[in-house]
Q: 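One structure coming up, written as structure tokens, with questions to follow.
Naming convention: chains lettered A, B, ... in sequence-line order (proteins, then strands); numbering from 1 in each chain.
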There are 2 protein chains.
Amino acid sequence: MQPERQRQLSTAEERRETVLRTAIGAFAARGYFGTTTTEVAKAAGISQAYVYRLFTDKEALFVAVVEHCFVRVRASLEAGAAGARGSSPEAVLSAMGDAYAHLISDKDLMLVQLHAQAATVSEPAVREAVRAGYARTVEYVRGASGGDDRQVQEFFAVGMLCHLVVSMDAGAVDAPWTRTLTAGIRHY
Amino acid sequence: MQPERQRQLSTAEERRETVLRTAIGAFAARGYFGTTTTEVAKAAGISQAYVYRLFTDKEALFVAVVEHCFVRVRASLEAGAAGARGSSPEAVLSAMGDAYAHLISDKDLMLVQLHAQAATVSEPAVREAVRAGYARTVEYVRGASGGDDRQVQEFFAVGMLCHLVVSMDAGAVDAPWTRTLTAGIRHY
DNA sequence: GTTGCATGTGAGTACTCAATCACTCACACT
DNA sequence: AGTGTGAGTGATTGAGTACTCACATGCAAC
């Protein structure tokens with residue numbers, strides 16, 4: 001027998017990544033204030049006490065989750081843009097929008113962004129993370145698409161409208177007003 | 001002396017209105033989960049116990065606050081539209097946007113809307129209130145402006161972008177990315 | 001002025017939450 | 001086998017939390 005990987009303990013770094021991944025699902029439903037560290041621990045399959053060995057406190061945990069979300073969003077935009085390199089700004093923005101629509105077909109990622117935006121008001125650390133996340137994302141979208149201010153702004157405005165539609169689950173309501181708001185918004 | 005109003009006790013209905021008005025400021029900072037009923041009581045100048053005589057529970061209180069916000073938003077849009085009656089859809093939408101910008105120069109109203117949107121995910125009663133609020137608002141904007149689906153959708157997309165900008169306090173950050181996001185967004 | 005009812009509160013209850021700590025166990029290395 | 005270190009947990013704590021209830025007070029009508 002080879003000395004194949006058989007240990008039952010993970011490294012702290014692996015655990016941290018597991019927590020970041022699974023905590024998205026936990027925070028998605030009830031946000032920063034409404035989600036307990038016990039729920040996060042359960043989602044990651046560890047004890048609540050151990051959460052505090054991996055992250056200094058609940059705020060640091062949430063901030064790490066938010067940063068993780070922004071990284072994933074950017075990765076998805078990059079993948080989308082890669083398929084339309086050299087095209088017109090409109091085409092690149094459309095490809096990015098499409099990639100993003102795929103990314104958030106699982107709603108949790110988007111919901112965490114929404115909750116982070118709300119928590120921003122009272123939690124300075126979260127505000128810094130969200131600002132930094134949008135700063136990088138806006139500049140990336142501008143650079144990769146070559147679009148002007150107007151186009152980039154519209155890209156994010158539509159993204160925000162998307163957040164509204166998803167949070168209300170407007171897709172589940174068939175009415176003129178939901179059709180107006182969701183018109184042309186891709187979802188998979 | 002006339003029998004002028006001199007009583008020190010309010011009617012329950014008056015108190016309820018006071019609570020709705022002042023609770024906006026309380027909920028604005030930390031949202032549904034993060035705000036305590038004690039804070040709401042303090043803001044209204046009554047005891048925490050009495051909050052529960054005026055509203056059946058915290059959820060009903062928050063829902064009432066959210067509905068109150070939507071009423072105020074609609075009133076402000078109506079006032080804006082009144083000043084541009086008979087003009088082109090673009091002009092009416094612009095007047096509405098201007099009225100809304102004035103309304104939310106005090107950020108609390110907008111922040112409550114944002115927090116309500118977030119709470120929507122896990123609180124069905126809040127979801128219903130938010131859906132009903134947007135349903136009426138979308139139809140009002142459509143009817144009063146005479147704009148088509150595309151214009152109405154953009155009106156709300158810009159509104160959502162506005163929420164993002166205010167929640168992050170992007171106006172306080174002077175950088176290319178904030179200038180891109182806030183370009184053309186009125187604030188007073 | 002006393003009766004009846006609505007307004008309003010102080011002092012709780014039962015519970016949950018973030019955070020801590022003493023502790024056990026797994027593993028690599030000698 | 002022995003030892004040092006990092007992974008991981010059960011039990012607990014102290015500070016809130018939503019919500020309740022017995023009781024007080026204001027006020028109008030008779």
Side-chain angles (χ1 to χ4, degrees), chain A residues 1-23 26-27 29-66 115 119 122-126, chain B residues 1-23 26-27 29-66 115 119 122-126:
Chain A
M1 281 227 212
Q2 284 139 302
E4 69 183 73
R5 186 76 194 294
Q6 191 66 29
R7 34 180 300 143
Q8 35 184 324
L9 294 183
S10 305
T11 67
E13 203 44 55
E14 281 171 344
R15 278 290 189 213
R16 248 185 287 268
E17 273 158 39
T18 305
V19 172
L20 289 187
R21 229 180 325 109
T22 58
F27 280 117
R30 302 164 71 89
Y32 176 61
F33 293 109
T35 305
T36 69
T37 57
T38 306
E39 286 164 2
V40 172
K42 199 167 292 179
I46 59 175
S47 70
Q48 185 248 7
Y50 197 47
V51 171
Y52 281 85
R53 296 269 268 206
L54 300 173
F55 300 91
T56 60
D57 57 11
K58 190 186 176 183
E59 185 178 75
L61 163 65
F62 187 67
V63 166
V65 170
V66 170
H115 283 296
S122 62
E123 304 301 301
V126 177
Chain B
M1 280 228 213
Q2 284 138 302
E4 69 183 74
R5 184 76 193 294
Q6 190 67 29
R7 36 179 297 144
Q8 33 184 325
L9 294 183
S10 305
T11 68
E13 204 43 55
E14 283 171 345
R15 278 291 190 212
R16 248 184 288 267
E17 274 157 37
T18 306
V19 172
L20 289 186
R21 232 181 322 108
T22 58
F27 279 118
R30 301 165 73 89
Y32 177 61
F33 293 108
T35 305
T36 68
T37 56
T38 306
E39 286 165 2
V40 172
K42 199 166 293 178
I46 59 174
S47 71
Q48 187 247 10
Y50 197 48
V51 172
Y52 281 85
R53 294 267 264 196
L54 300 173
F55 300 91
T56 60
D57 56 12
K58 189 185 176 182
E59 186 179 75
L61 163 65
F62 187 66
V63 166
V65 170
V66 170
H115 283 295
S122 61
E123 303 301 302
V126 177

Q: For every nucleotide of nucleotides 9-16 of chain D, 5' to 3': is a protein heavy atom under 4.0 Å from its base (B), only from its sugar-phosphate (S), or from neither (-)?
A: BB------
Q: Does His115(B) reach the side chain of Phe27(B), with side-chain heavy atoms less than 4.5 Å apart?
A: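 Not in contact.
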Q: Indicate the atoms forming the closest heavy-atom contact of Ala64(B) with Phe55(B), along with that distance.
A: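 Nearest heavy atoms, Ala64(B) then Phe55(B): CB-CE2, 3.8 Å.
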Q: Is the shortest heavy-atom distance from the side chain of Val40(B) to the side chain of Val65(B) under 4.5 Å?
A: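 A side-chain contact under 4.5 Å is absent here.
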Q: Between Glu39(A) and Lys42(A), does at least one N-O distance fall below 4.0 Å, as a salt bridge requires?
A: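 Looking at Glu39(A) and Lys42(A), the cut-off is not met.
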Q: Send over the distance from Glu14(B) CD to dA6(C) P, rounded to a whole Å.
A: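 In whole Å, dA6(C) P and Glu14(B) CD are 16 Å from each other.
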Q: Residues of residues 54-62 of chain B with any non-hydrogen atom less than 4.0 angstrom from an atom of DNA chain D: list those, numerically ordered, please.
A: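 Asp57(B), Lys58(B) - these, ordered by number, are the residues of the stretch whose heavy atoms sit under 4.0 Å from the strand.
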Q: Between Arg15(A) and dG8(D), does any side-chain N or O lie under 4.0 Å from OP1 or OP2?
A: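 Affirmative; the distance criterion is met.
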Q: Side chains of Thr38(A) and Gln48(A): do they bring a donor and an acceptor to under 3.5 Å?
A: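 Gln48(A) and Thr38(A) do not have a side-chain donor-acceptor pair below 3.5 Å.
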Q: To the nearest Å, give me how far apart NZ (Lys42(A)) and P (dA18(C)) are.
A: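 Taking NZ of Lys42(A) and P of dA18(C), I get 13 Å after rounding.
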Q: For a 4.5 angstrom cut-off between non-hydrogen side-chain atoms, does Tyr52(B) reach Leu61(B)?
A: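 No - every pair of side-chain heavy atoms lies 4.5 Å or more apart.
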Q: Looking only at non-hydrogen atoms, find the nearest pair between Gly31(B) and Thr35(B) and report the distance.
A: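 So the minimum-distance heavy-atom pair works out to O-OG1, 2.7 Å.
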Q: Just say parallel, tilted or perpendicular for the rings of Tyr32(B) and Phe62(B), cut-offs at 30° and 60°.
A: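 Judged by the thresholds at 30° and 60°, the geometry between Tyr32(B) and Phe62(B) is tilted.
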Q: Ignoring backbone atoms, establish whether Tyr52(A) has a side-chain N or O less than 4.0 Å from OP1 or OP2 of dA19(C).
A: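 Indeed, a polar side-chain atom of Tyr52(A) lies that close.
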